Chemist: 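Quick one: structure below, then a few questions.
All residue numbers refer to positions in the sequence shown, counting from 1. Values reported hereafter were calculated over all heavy atoms of this structure, with side chains retained and with hydrogens, waters and symmetry mates removed. No experiment lies behind these values; they were computed from the predicted model shown.
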Amino acid sequence: MALETLSAVLEIDDQPYEVCLNSKVLTWDKVALRHRSINRAKLTEIVAIKAGPTDKPSQSNNREFTVHSVKRKKGNKWRLHSETFVCPDTATRDKWIKRIQTSIETGPVRPQRIFVIVNPYGGKGKAPKIYQKKVAPLFELAGIITEDIATTHANHAWQLMLDKDFNGVDGIVCVGGDGTFAEVVNGLILRTQKDAGININDQGSKLIPPKLKIGIIPAGSTDVVVYDTTGYNDPVTSALQIILGETLGMDVCSVFHDNELIRYTVSFLGYGFFGDVVRESENYRWVGPKRYELAGAMQFMGNKSYHGEVKYVPNLDEGHSPMDQNPCGARCNICTRKKSMLDINTNQRSQQAEGGVDEIDLDETDHWNSIKGEFMYVNAALVSGMCDKSPTGVSPAAHLGNGCVDLIVVRKCSRLNYLRHLMRLSSSANHFDFNFVEVHRVKKFKFRPLTPDETSIPAYSATMDSLDLDSGLFRRSSGSYNLPRSTSTISSSSWNIDGEINRLPAIDVNVHCQLINVFARGIEQFEDKTSCNFCCKANKNNTVT
C-alpha cells in the first residue's frame with residue numbers, strides 16, 4: 001500500500017523551506033527564492049533519521065530532526081550529507097520521523113547485523129585506523145550491529161569463514177585489500193558447498209551460491225575489486241553502499257589441477273610475466289607495496305617467454321565482447337539479463353529435480369578452440385582490473401556478472417613492442433591493438449605448458465574477428481609477423497591467482513555466473529554512450545547524472 005504524500009513548511013537555519021515527502025523522494029526548497037533550486041534525497045539513499053540536530057545536541061529544542069543521506073561527488077564518490085529540519089512542534093517532528101523511517105523499512109532490504117574482518121597487515125597497514133575513524137561511525141549511525149575481529153595470520157579470514165557461526169548475520173565485511181576479499185570468498189564458497197554436500201573436486205558440479213553478501217572496505221595496495229564494483233577507491237563510499245544494501249552479482253572462477261580444486265578466484269589469473277612478477281616480488285617484501293614495481297622492472301629486463309597451449313570454450317553471445325565500448329556499470333543490462341537467465345535455469349532444474357516437469361534440454365555442449373605457441377603472458381580477467389597503476393585495467397570491457405572471463409594472450413614479441421604494450425596497459429590507450437595480442441571472451445579454459453618442439457610455428461597471423469567499430473582506436477592491426485628468437489630458459493612459469501602464487505602451471509578454469517553477491521552499486525557511467533570505453537573508465541572525475 002502506497003504511503004500518502006506528506007508536505008509542510010519547515011525551517012532550516014532559521015529560513016522557511018517547503019518540504020515534501022512522497023513514496024520515492026524527500027525534497028526541500030527555499031520558499032523565498034523566485035527561481036528555486038530543489039534539494040532532494042532518494043528514500044533508498046537515506047542512511048538514517050534522528051531526532052534533534054547532529055552538530056549541537058545541547059542546543060536541541062525537541063522540535064528538530066536530522067536526515068542523513070547520500071550526496072554524490074565527482075568520480076563515483078559518495079559522502080554523507082546531513083540536513084536538520086525544525087518543526088512547529090514535537091508532534092509534527094515525530095510524524096515526519098515515523099513517516100520517513102517507515103519508508104526506509106519498507107524499501108530495499110538493508111543489513112542489520114554484519115561480521116567485520118579487519119586485516120591490519122595488508123597494504124600500508126592502515127586498515128584498523130580506516131575502519132575505526134571512517135567506517136564504524138557510519139555503521140553505528142545506521143543502527144547496524146557489528147562484530148569485529150582482526151586477522152592475525154595468513155588465511156585467518158579463510159578459516160573464519162569455515163568455522164564461524166553466522167546465525168543471524170546478514171553479511172560479511174572485510175577491511176583490507178583484494179587478498180582479504182579473496183580469502184573471504186574462498187572460505188565462504190567452500191563452506192557453502194560442504195554444507196550442501198557438493199563435491200568441490202568435480203568440475204561438473206553446480207555450485208551453490210552463499211547466502212551471505214560480502215562487502216569490502218578498501219585498505220589494500222591496489223583494491224581492484226572496489227574500483228570495479230563502486231568506481232572509486234574510497235572507504236566512505238564503500239561503507240555507504242553497504243549500509244544501503246546495494247547488491248551486485250559477481251562471477252567466480254574455480255581453478256583445478258589434475259581434477260583437484262586449487263582455489264576460487266574473483267578477479268585475475270596471470271601466467272608468464274604477471275605470474276613471475278608476483279613470485280619475484282616475494283624477494284622484495286622489505287620494500288613494501290613498491291615491491292611489485294621493482295619486480296616488474298626486473299622481469300621486463302629478463303624478457304622471458306613460455307611455451308604452452310590454451311584451450312577455451314568461446315562465449316557465443318554476440319551481445320557483448322572484450323572490445324565493447326559500453327563497459328559494465330550500475331544496473332548493467334548484460335549482467336541483469338544474465339541474472340534473469342540464471343534464475344530461469346535454476347528454477348527449471350529445481351522443478352526437474354522435484355519431478356514437477358519433464359527432462360529439460362539445457363544445451364551445454366562445449367566447443368573448444370585452441371591457441372598454441374610461445375607467450376609473454378596469458379591473463380584471464382573476471383573484472384576490468386582498473387586501479388591506480390592501470391587506469392582502464394587489463395580488460396576494460398570485462399563484466400562483473402556475464403558468466404565469462406576475458407582471456408588475453410600475448411605472444412612472443414620484441415622487447416620494444418612489449419614495452420609499448422605495457423606502457424599502453426599502464427595508461428588509457430588500447431593495449432589490445434597489436435597483432436601479437438589476442439583477446440577472447442570465454443566460458444572456460446585450460447592451459448598446459450609445452451616444450452619448444454611442441455610449439456614450433458613459423459609465423460602467426462592475427463585471427464581476431466575484425467570488429468569495425470566507429471572508433472579507429474579499436475581496430476586491430478592486420479598482417480603477420482615472424483616469431484622472434486626464443487629466449488625461454490625455463491620450462492614453465494607460475495600462476496598469479498588473485499595475487500597468490502600457484503606453481504602448478506597446468507590448470508583448468510571454469511566460470512560460475514554470479515556465484516557471490518557483494519554490497520556495491522556498480523560504476524555509475526556517463527550518459528554519453530559514444531564516448532570511448534578506454535577513456536571513460538580512466539576518467540576518475542565522471543559526472544554522475
Chemist: Please examine the side chains of I507 and I262, heavy atoms only from C-beta on, and report whether any two atoms are closer than 4.5 Å.
Modeler: yes
Chemist: Just to verify, what does F268 make a ring pair (Phe, Tyr, Trp, His ring centres under 6.0 Å) with, not counting sequence neighbours?
Modeler: F274
Chemist: Taking only residues two or more places apart in sequence, or in another chain, which ones meet F139 in a ring pair (Phe, Tyr, Trp, His ring centres under 6.0 Å)?
Modeler: none
Chemist: Under the side-chain contact (heavy atoms from CB on, under 4.5 Å) criterion, do L190 and L261 qualify, and how do the steps go?
Modeler: CA-CA 10 Å; L190 286 173; L261 178 71; 3.9 Å; yes
Chemist: State, with a plain yes or no, whether a side-chain heavy atom of D317 is found less than 4.5 Å away from one of R441.
Modeler: no
Chemist: Return the OG1 to NZ distance between T237 and K134, rounded to the nearest 0.5 Å.
Modeler: 10.0 Å
Chemist: Measure across E524 and A330 and return the closest heavy-atom pair with its distance rounded to 0.1 Å.
Modeler: CG-CB, 4.0 Å
Chemist: Can you check whether C404's main-chain N or O pairs, donor with acceptor, with H399's side chain at less than 3.5 Å?
Modeler: no
Chemist: Ignoring hydrogens, what is the shortest heavy-atom contact between P391 and M386? Give both atom names and the distance.
Modeler: O-CB, 3.4 Å
Chemist: Sequence neighbours excluded, which residues qualify as salt bridge (charged side-chain N to carboxylate O under 4.0 Å, His left out) partners of K213?
Modeler: none
Chemist: Thinking salt bridges, do R411 and E438 make one under a 4.0 Å N-O criterion?
Modeler: yes
Chemist: Taking only residues two or more places apart in sequence or in another chain, which ones pass ring pair (Phe, Tyr, Trp, His ring centres under 6.0 Å) with Y418?
Modeler: F273
Chemist: May I ask you to decide if the ring planes of F447 and F375 are parallel, tilted or perpendicular, using 30° and 60° as cut-offs?
Modeler: tilted
Chemist: K311: which residues meet the side chain to side chain donor-acceptor pair (under 3.5 Å) condition with it, sequence neighbours left out?
Modeler: none
Chemist: Any luck finding a side-chain donor-acceptor pair between Y227 and D388 under 3.5 Å?
Modeler: yes
Chemist: What do you reckon, is CG of N369 surrounded by more than 12 foreign heavy atoms closer than 6.0 Å?
Modeler: yes
Chemist: Distance from D223 atom CG to T230 atom OG1, nearest 0.5 Å?
Modeler: 9.5 Å
Chemist: Under 4.5 Å between any side-chain heavy atoms of S494 and P505, yes or no?
Modeler: no
Chemist: Could you check whether R79 pairs with D234 (Lys NZ or Arg NE/NH1/NH2 to Asp/Glu carboxylate O, under 4.0 Å)?
Modeler: yes
Chemist: What heavy-atom pair brings M161 and G187 nearest, and what distance separates the two atoms?
Modeler: CB-C, 3.5 Å
Chemist: Measure the shortest side-chain to side-chain distance between L382 and C253 over non-hydrogen atoms and say whether it is less than 4.5 angstrom.
Modeler: yes
Chemist: Which pair of non-hydrogen atoms, one from Q241 and one from T229, has the smallest distance, and what is that distance?
Modeler: OE1-O, 4.3 Å
Chemist: May I ask you to test the N155-E183 pair for a side-chain heavy-atom distance under 4.5 Å?
Modeler: yes
Chemist: Please tell me whether H81 and S69 have a donor and an acceptor in their side chains that are separated by less than 3.5 angstrom.
Modeler: no
Chemist: To the nearest 0.5 Å, what is the distance between OG on S238 and CH2 on W78?
Modeler: 10.0 Å
Chemist: Are side-chain heavy atoms of S384 and C328 found at a separation under 4.5 Å?
Modeler: no
Chemist: Please list, chain by chain and in numerical order, all residues satisfying side chain to side chain donor-acceptor pair (under 3.5 Å) with S254, sequence neighbours excluded.
Modeler: H512
Chemist: Identify whether the distance between the nearest side-chain nitrogen and carboxylate oxygen of D366 and K444 falls below 4.0 Å.
Modeler: yes
Chemist: The criterion is side chain to side chain donor-acceptor pair (under 3.5 Å); which residues satisfy it with N510, sequence neighbours excluded?
Modeler: Q203
Chemist: Which residues satisfy the salt bridge (charged side-chain N to carboxylate O under 4.0 Å, His left out) test with R40, sequence neighbours excluded?
Modeler: none
Chemist: Under the side-chain contact (heavy atoms from CB on, under 4.5 Å) criterion, do V405 and D251 qualify, and how do the steps go?
Modeler: CA-CA 9 Å; V405 62; D251 296 338; over 6 Å; no
Chemist: Any chance the side chains of N496 and Y377 put a donor and an acceptor closer than 3.5 Å?
Modeler: no
Chemist: Go through the structure and list residues passing salt bridge (charged side-chain N to carboxylate O under 4.0 Å, His left out) with D508, not counting sequence neighbours.
Modeler: R448
Chemist: Just grab all the salt bridge (Lys or Arg N to Asp or Glu O under 4.0 Å) pairs involving residues 237-249, residues at least two apart or on different chains.
Modeler: E246-R331, E246-R521
Chemist: State, to 0.1 Å, how close S427 and T392 come at their nearest heavy-atom pair, and which atoms those are.
Modeler: O-OG1, 3.7 Å
Chemist: One pair to check against side-chain contact (heavy atoms from CB on, under 4.5 Å): D433 and R424. What are the steps and the verdict?
Modeler: CA-CA 10 Å; D433 191 30; R424 289 191 182 187; 3.6 Å; yes
Chemist: What closest approach, in Å, do S370 and Y312 show between heavy atoms, and which atom pair accounts for it?
Modeler: N-CE2, 4.4 Å
Chemist: Only pairs at least two apart or in different chains count here, so list each salt bridge (Lys or Arg N to Asp or Glu O under 4.0 Å) that has a residue in residues 392-402.
Modeler: none
Chemist: List the residues meeting salt bridge (charged side-chain N to carboxylate O under 4.0 Å, His left out) with D178, not counting sequence neighbours, and say none if there are none.
Modeler: none
Chemist: Would Y306 and V378 count as a side-chain contact (heavy atoms from CB on, under 4.5 Å) here? Give the steps.
Modeler: CA-CA 10 Å; Y306 301 92; V378 176; over 6 Å; no
Chemist: With side-chain contact (heavy atoms from CB on, under 4.5 Å) as the test, pick out the partner of V185 among I214, I216, L515, D498.
Modeler: I214
Chemist: Evaluate side chain to side chain donor-acceptor pair (under 3.5 Å) for T247 paired with N517, printing each intermediate quantity in order.
Modeler: CA-CA 6 Å; T247 304; N517 286 307; over 6 Å; no
